[in-house]
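The structure appears right after this line, and notes come after that.
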Amino acid sequence: MVTAANLGIPRIGAKRELKKALEDYWKGDIDAAALERTGAELRAQNWALQRDAGISRIPSNDFSFYDQMLDMTQLLGAVPARFAGLSGLDAYFGMARGTDSVAAMEMTKWFDTNYHFLVPELTDDLHFTLSSNTPLDRFLEAKEQGIQTRPILIGPVTWLSLAKVKTEGLNPFSLLPRILPVYRELLGRLAEAGADWVQIDEPVLVRDLSPGAAEALREAYGVLSHSGPKLLLATYFGALGDNLDLAAELPVHGLHVDLVRAPAQLDAVLEAVGDKTLSLGLIDGRNIWRSDLSTALRLAQKAVAALGPDRVEIAPSCSLLHSPVDLDHEIALDDELKSWLAFACQKLDEIVALARAAESGREAAAEAFDAADAAIASRAASTRIHDNVVKSRAAAIGEADLRRRSAYPERIATQQALLGLPLFPTTTIGSYPQTQEIRKARAAHRRGDLDDAAYRAFLENQTRDCIRRQEEAGLDVLVHGEFERNDMVEYFGEKLSGFAFTKNGWVQSYGSRCVKPPVIYGDVSRPAPMTVDWAQFAASQTSRPMKGMLTGPVTILQWSFVRDDQPRSETAKQIALAIRDEVADLESAGLPVIQIDEAALREGLPLRRAEWQDYLDWAVAAFRLASSVAGDETQIHTHMCYSDFNDIMPSIAAMDADVISIETSRSDMELLEVFRDFDYPNQIGPGVWDIHSPRVPDEAEMTRLLRAAAKLIPAERIWVNPDCGLKTRGWREVETSLRHLVSAAARLRQDEKRDSLQPA
Ligand code: GLN
Ligand code: ZN
C-alpha cells in the first residue's frame, strides 16, 4: 500500500504555546516540570493530529525545546567544555543562550532556510557517549498513546559537516569512528523498544560534498544499517544531483527525495533506487501554497508503476517545521486568498489525499483533488495576482535600465562637488534605538488607542531628536532613524501591492523566536510613494545631507514566502521596479543620498555552487534595476550584514553602488583581506563598531580598525560607520560610541594630512 508519511511537524504550537512556556521558564515564572508538561501536550496534540489526518508514518523526536541539532549535540555527549559545570536543562539552554559567565554556542542558518541551528563545536578531546534517552523516551511516549512513530535523528555526516572545528587541523570526519558507536547503541535501544523504522536526515547530500564526506557516508551507513531498525535516509532542499549514486548505494532501506525543489530528478532516482523504499517529497514543506495535487499525482503514479505501491511513501519535501501551523486559525486573510494556501495542518491532508490517489486513482480522493484543481485554476486566472501593466513593464526592461548614466569616477566627482564631504566621511546604517517608548506607541497606535495624528507627532519628535543627536555627535551624512518602521521588510510589504500579511502565520526562526514572513502572492507594484514624506521631513530638519533608506529587492524576496508560479528572479524584478520608482521619487524630493539595503543578498546563494552565478546575475540585476534610475548627482549606498565576499567579489562590484557599508569589526577587518587581491572600484565603509554587543568601543580601537582598513583600501574611498543598524542598542551606548567613531575618523584625516606633508 502507498504510505502517507510525514517528516516533522511544527513544534511551536498553533498559538505559539512553546514560545510562551520557554520564555516563562527562562524568566523563572514556571518550573521545569511545567515546561515539560507543555512539551508533552504539544507532542500529544501533534501525534493525534497526524493520526487523525490519516498519516501512517508519524515522526517522533521532531519535537525540540530549542533546536534539533543542539539535541543531537547533547545526545552525543559533545557538550563544549565551557558548559561542564551545568547539567540537564541548564546545560541545554546554556549552550543555546549562554549564561552570565559562558558564551552561547554559535548560531547559523540551516541550509537555505531562515531556521537557525546551534553549531556543534569539534575538539580532538571529545568523548562521545550516549548522553540522552530523549528519542527513546519520545518513542515510548507516543507508543503509550497508541501511536507507532518513526523517530528522526540528524545523521552523523550532516552533524559533523555542519560543525565548527575548534582544534586546529582536526578533520571532522576523523571523529566518525567515535560517534558511530553512540548511534549504534541508540538505534539498538530503539529497535528493542519496537521502532521498526528510523528516519536519518542527511541533507548534506544535496550540497557539494566536502572532501571525505562521501567516504564518511559509506562508512557510517555500512555500520548503522545493521544496528536494528530499518533506516530511511532523508535528503531535502534540493536535488541529489551528482550524489545520487552515492545515496543510492548506501545500504539503507529507504530514501527520501525532494521532488518540490527538484521534480526532474524522479526518473534518475527511480533508476538508481534499487530495492529501497522511496519516499516522495511532493508537498512543499517550505512554502504556503496549496499543492497542485494533479501534477504531483502524475509523479507519484510513475513511482508506483516502477516500484509497486508497497515501496512508495508520499511525504512533504522536508519537515513541516518550516511552514506555519494551521490556516484555519488565520483571521487576517480573505477567503479567496486562503483558498490558495496550505499550512502544515492542511499539508497533512494533501499528503493523505495524494497517497490515496496514488494507491487507487484520483476518484479515491476526488473531493480533495477537485478542490485543489479549482484553487489552482482560480489562482492562475485571478486579476488580483496578474497585473498586465506590471508584466509588460517588467518584460520591457533592457540593458540600459540597469546602468547609471555615467561611470563611477564621473558620478563620484559630481556627487562630491555637491556634498563636499571630508575624507573618511561618517554615517550610520539607518535605524536608531527602538526604545520601549517607541514600541509602546506603535502598539497603542495599532490597537487604535493612539490616533494617527498623535502617533505621527510622536514619530516626528523621535526623528527630530535623533537628527539633533547625530548633529551633536558630528556625523557627516545623517539618517532619519527608521522609527516608523517595525521591520525592514514588513514596512515595505505593507505598502506594496501583491503582498499579504497573516496574523498567525508564525514559523520558528530559532529557539522561542518566530517570524511571520509576508506572503508575496501577486504581481508587485507600488500604489504610492512609501518613504518620501518621512525622508522629506527628516531632510527639512537639518542642513547636513540626509540619506533616504530603502530595503532592496533581493532582501524583500529572501525574507518572504514567495510565489511558486513564476521564477524568483521575476518576482525580484517586479520588486526592483517598485523600489526604482521610490528611488526616483526620493531623488525628486531632494534626497542627495539613498541607501538600498541588501542585507540578505549573500545568504540567498544557492546550496550548489554551480547555481551561484545564475543567482548572482539576476540578484545583481535586480539591485541595478532598483538603483540605476538615480542621476549622477545622487549617491547610492548599499549595506550588507554578513560580509564574507571572498567568493562573490566581482558580483558585489557589479552592483555598482557608489558606497557599500559592510560588517567587518568582529573579524578585526580580516574580511577586508579580499580587497587586497580584488580592486573594488567604489567607496566602502567597513564597520568599526560591533553593534551586536552592548560594549562601547573606544576611539583607539576604532582608529586601529580604520588604519588596518586603510592599508588595504585607498583613503579617499573609505567611509566610517558601524557594522549595522542601531535599533537594538540603547541611546547611551549609541551616543558615546558615535562620538568615538567621529573622533576616530578625525584621527585618520590627521594621519593622511601628515602623510601628504611628508616628502616622498
Ligand atoms: N537599515 C537597516 C537598519 O539600520 C539595515 C538593517 C540590516 O542590515 N539588517 O536597521
Ligand atoms: Zn546589517
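When a ligand or atom number is given, it counts from 1 through the structure's own listing order.
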Does any N or O of ligand 1 fall below 3.5 Å from an N or O anywhere on Gln595, backbone included? no
Provide the number and element of each atom of ligand 1 under 4.0 Å from a heavy atom of Gly430. 4 (O)
Is it the case that the side chains of Thr638 and Glu598 hold a donor-acceptor pair, with the cut-off being a distance below 3.5 Å and no angle test? no
If you measure from atom 5 (C) of ligand 1 to every heavy atom of Asp597, Thr551, Thr728, Thr428, which option wins on shortest distance? Asp597
Closer than 4.0 Å to some heavy atom of His639 - which atoms of ligand 1 meet that? 8 (O)
Location of contacts on Met488 toward ligand 1, heavy atoms closer than 4.0 Å: side chain
Pair Gln574, Ser525: side-chain N/O donor-acceptor within cut-off below 3.5 Å: no
Sort out for me which residue in Val629, Ile594, Asn682 forms a side-chain contact (heavy atoms from CB on, under 4.5 Å) with Ile636. Ile594
Quick note on ligand 1: atoms under 4.0 Å from a heavy atom of Cys641 include exactly 7 (C), 8 (O), 9 (N)
Do the ring centers of His322 and Phe237 come within less than 6.0 Å of each other? yes
Does NZ or CZ of Lys109 lie under 6.0 Å from the centre of the six-membered ring of Phe111, at an angle within 45° of the ring axis? no
Does Trp618 have Arg568 sitting over its ring (NZ/CZ under 6.0 Å from centre, angle to axis within 45°)? no
Would you mind running through ligand 1 and noting each atom that sits below 4.0 Å from a heavy atom of Gly725? 3 (C), 4 (O), 10 (O)
Ligand 1 to Ala599, heavy atom cutoff 4.0 Å, flagged ligand atoms 8 (O), 9 (N)
Can you name the atoms of ligand 1, numbered from 1 with element, that are less than 4.0 Å from a heavy atom of Ser431? 3 (C), 4 (O), 10 (O)
Quick one: side-chain hydrogen bond (donor to acceptor under 3.5 Å, both in side chains) partners of Glu460, sequence neighbours excluded? Arg456
Please could you name the atoms of ligand 1 that Met549 approaches to less than 4.0 Å, counting only its heavy atoms? 1 (N)
Tyr491 six-ring face occupied by Arg485 cation (under 6.0 Å, within 45°): yes
For ligand 1 and Cys724, I'd like to know whether there is a polar contact (N/O to N/O, distance under 3.5 Å). no
State whether the side chain of Gln434 and the backbone N or O of Glu482 hold a donor-acceptor pair below 3.5 Å, judged by distance alone. yes
State, without any angle test, whether Glu582 and Thr531 hold a side-chain donor-acceptor pair at a distance under 3.5 Å. yes
Ignoring waters, how many protein N/O/S atoms are under 2.8 Å from the Zn ion (ligand 2)? 3
Donor on one side chain, acceptor on other, His637 and Gln635, under 3.5 Å: yes
